[in-house]
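First the structure, in the form of structure tokens, and then the observations on it.
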Amino acid sequence: MSYKTSSSVVVAAAFIALIVPFVSCFSTSDEILPKLVIDDKLSGYHGLVKENETLVEVVPEIYAIGDVCNFNIVNKHHGEAPFEIILRPNGYAELRARKTLNCEKRKTYKFEIAAVSCSGLISDNVTVHITVVDINEYAPLFLDASYVKDVDEGQLYEEIIRVEATDRDCTPRFGDICKYDILNDDQPFTINNEGSIRNTEPLDYDRSHNYILSVVAYDCGMKQSAPVMVTIKVNRICKLGWKSIPEEIDYYPTSGRKDLFPNAQLRLCDDPCHVKNVNAKLTLATSHIGKGCDRDTYSVQSQRKLCGASEESVELLPANHVPLSAGNAIKHDEGRESDQMYEFDGSSTAVAIPNDVLDHGLSSAFTISTWMKHKPMPHQDKHVKEHILCSADDHKMNRHHYAWFVRNCRLILLLRRDFSQGDLNIFRPAEWRWKIPQVCDNEWHHYAVSVQFPNVQLYIDGVLFKSENKNPEVIDDWPLHPTKGINTTLTVGACWQGSENKMKHHLRGYLAGLSVLLHQLEKPEVLACLHKCKESLEVPAMELLEPGMELLTNSELTELSIEGDNKTNLEVLVRKIGYSNSRDYPTPGRRNLHLTTSLICDGGREVKMPPAESYIMVHRPQQPNIIINGTNTVPREYHEFRQGVQVFPDLAISIEPESYDYESKNPELTNVLERRVDSCIISVYPSLNPDHETLTIPADMLAKFGISAKVSKDGVAFNNADIVFHYQEALRDVHYTNFKPAYYLNRQFKLVCSEMNGRFLSNEYIQTLTVVHPKSPTIAYTTTTSLPTTTLPAASLVEENDAEPKPAHAQVVQHSVEAKQAQTIFGNYLDGSIDERAQAIVTGGGHAVTIIIVVCVGFLVLMITLGIVRIKAAHQKASQDEVQDTEMAWDDSALNITINPMEQLECDGSGGAAGGALSAGKHRHAENEDDSSDDNMSYDYDDSSDDGGGNEEDDGLHRGCAPRLEWDHSTMSI
């Protein structure tokens, strides 16, 4: 049995051995080869792998069809390919690196892959391109461990030293250096992206001998390097002149005094010089600001008040008084200069002054003052006159009675005496000629000439001109001879030629604030105050001045000179020179500073010093906000309006912000000096009716405060700069009086205040005074039959001044507007004529008209509603009566009611006292119904009930008399 089995196995094995080659050959011919699915076989696969990862992102994804059991890397280019392909379900595969790659060693790999079937069949090869993606794994490194450089002080370098760093990362994104930076704060150095270091200001050896900087580099991925030390050594270089003079000095409004050069030093280097004399001069340039410097931006009138000038001075160039024939107002100050500056063109511009503005005949004592800016014209005839002010004959002759003019850079005053002012045969001084450089330097200056004949004084920029030998030159002349029928013409900017009937001797230049004070002289301190600048140099304390040193300034404090033999004391004094601008709202901008120095050594040798230049930058101030508050609506009774009521009973004016830092530094002066307004305007619309409306102002209070006021039918204008408290008190004392308050529902007043000559405006504050009309008693009336009445005499009417007007008719109705107020106004209307009533309607303004219209519409709607209700009720009653009384009917076709006239007269006589006022009011209403408004009309309502009973009896009781009625039975039938 075992033998047979062994033989069977041998036979089967032999059979299998014979058959397998045939089966194998048959299967090779029928099995499908694996295939990599890719659109562009030539381009192949492209993969990215990061340095710190192993998974390769391949595009397109590796995918093969067929019986794929594996993927092989079959062809390696350029050495090894540290990758493996992992088979995933459904024929997909992923490519992975066998280890993390290093971009810095090798950036790309290239090889081929093929799909392998389970039977060992291999697909076609496809190329794979792998790029290793760089990551920012390396920080930049500087080429040198440290850097050192020597520089000279006092210079600005384009480049002091250049540092350089590199990065080991393989790509530009992380391997290039994109930025350098200095870690030290507040160092006068900067570095650019190329590593170049330069200084931002001249270096000073005395301030620092060397600078140590920490510099870092950043690659383009912003990875920072370790800092490297850069040392910059400063070499001391001696340079003659001033040292530590800042190029720019910042000044903020209301900050008070500021030292200009607190660290200034005067260097002589190694020059062996024993100082014999040293002189330093500092100049503050302000000629480009307004009229030479920063002054208060108040009107001339306000400036005069603040300086204590005489109120009798007459301004000749205000724009609202005198028309300029062809003048142009030129403003230099950005924030409105103190007054208008007028340009005179030298050929056609002139101003004629009427006699009612200024008396053309000057008194024996007077002062003429003006601002003037003038320069000579090239190649101008030295005999050409340019008149500031001139009084000459108006026709026939060309005699100049008095004049103030410029000729050949001389300021000349001509003052001819009249024939009545002394002996005609005696010479008297008639012309004063001052030779002064200010007239032709093209800068603003203030000139004032005070005359107390024969004494004449000239003030230039508030300083009295000291007479010198033949300066002024005084010329004598005869008095003017008498003439008949010839008057004078006073002009500004030229002189009138009467014989030629035209202007001549025109001024070419600028004028401002030209004024004349008659019969008295302006005080010298007032003239100095008018010129005083609000910005100036601040001199050092006098106790710092040592023996042998001298300090001088000009009147404007824009120039300061220090002279002596002590160099050290000179440095101390220069360090203590300051600048201040006391204006709350100064003109912003630049003020240049120029410091010149000269030094003389023993033996007379002069050491030349270069000038030092700097400038003050005045910053723009914060704008003030003027706020007016109060109770906007104030109700008042009739009698209060007749007696006069306060327009602004609880007015409050405030200014925000309040004087900035100045308030904290000078609290005792803030309330007195700083918080000012210079104008407040009360406007009334529509205008006041002068017949019964007035506005009164506190004249005594205003005179005490020095505030001027002008009252008109349009309101009140207050002017002159003063503290807010004074303006507030004056405004609270303004009273409004109305003798016919019944004409109005309310009165509105608008208030606007300003500061700095209108530069800053307040809010518009509206004050409403409401008229509280008296309430009328409520009386119910019924419809009455119109009966003949007799007109009562005028004496029986109720007068407004004796008692409040009583209504002719009144009815209580459920409505939002009651008729009683209209009846009260109508009663007041009865006291005036038709013209007065019409005027009152117009005067009432828009609010009264609106309310009247609303009342009329309300009454009309009410009447229509009541009419509809009554008609409907009448129909219902008629139908009920018809049903109940179908068997009885009156034939009233010929029914008449006869009234006995004698009884009527008798009734009127006995009931006049009770119903006279009503009858008269009704009768007068009938006469004037065409002229009355809807508010003053009375309406009769029928309050009959549905049963219709008792109408005649009620009406008779209401009237105070029941008329006797008689029936005419002649035609009555049932």
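Residue numbers start at 1 and run along the sequence shown.
- By the 30° and 60° cut-offs, the orientation of the rings of F142 relative to Y180 is tilted.
- Cation-pi check for K258 over Y251 is not met; the charged atom does not lie both under 6.0 angstrom from the ring centroid and within 45 degrees of its normal.
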Step-by-step side chain to side chain donor-acceptor pair (under 3.5 Å) determination, D345 to H506: CA-CA 8 Å; D345 59 11; H506 287 82; over 6 Å; no
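- Here the shortest heavy-atom pairing between P202 and L156 reads N-CD2, 3.7 Å.
- Using a 3.5 Å distance cut-off with no hydrogens or angles, the side chains of S580 and E538 do pair a donor with an acceptor.
- Panel note: side chain D461, backbone H446; a donor-acceptor pair is recorded below 3.5 Å.
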Quick one: do L599 and E606 satisfy side chain to side chain contact (heavy atoms under 4.5 Å, CB included)? Show the steps, please. CA-CA 6 Å; L599 189 144; E606 182 178 359; over 6 Å; no
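- Under the 6.0 Å distance and 45° angle rule, R590 counts as a cation-pi partner of Y615.
- Inspection of the N566 and E546 side chains reveals an N or O donor paired with an N or O acceptor under 3.5 Å.
- In this structure Y459 satisfies the ring-ring contact (aromatic ring centres under 6.0 Å, His included) test with no other residue, sequence neighbours excluded.
- H374 places no side-chain N or O within 3.5 Å of a backbone atom of C440 that could act as its donor or acceptor partner.
- Aromatic ring centroids of Y342 and Y510 lie 6.0 Å or more apart.
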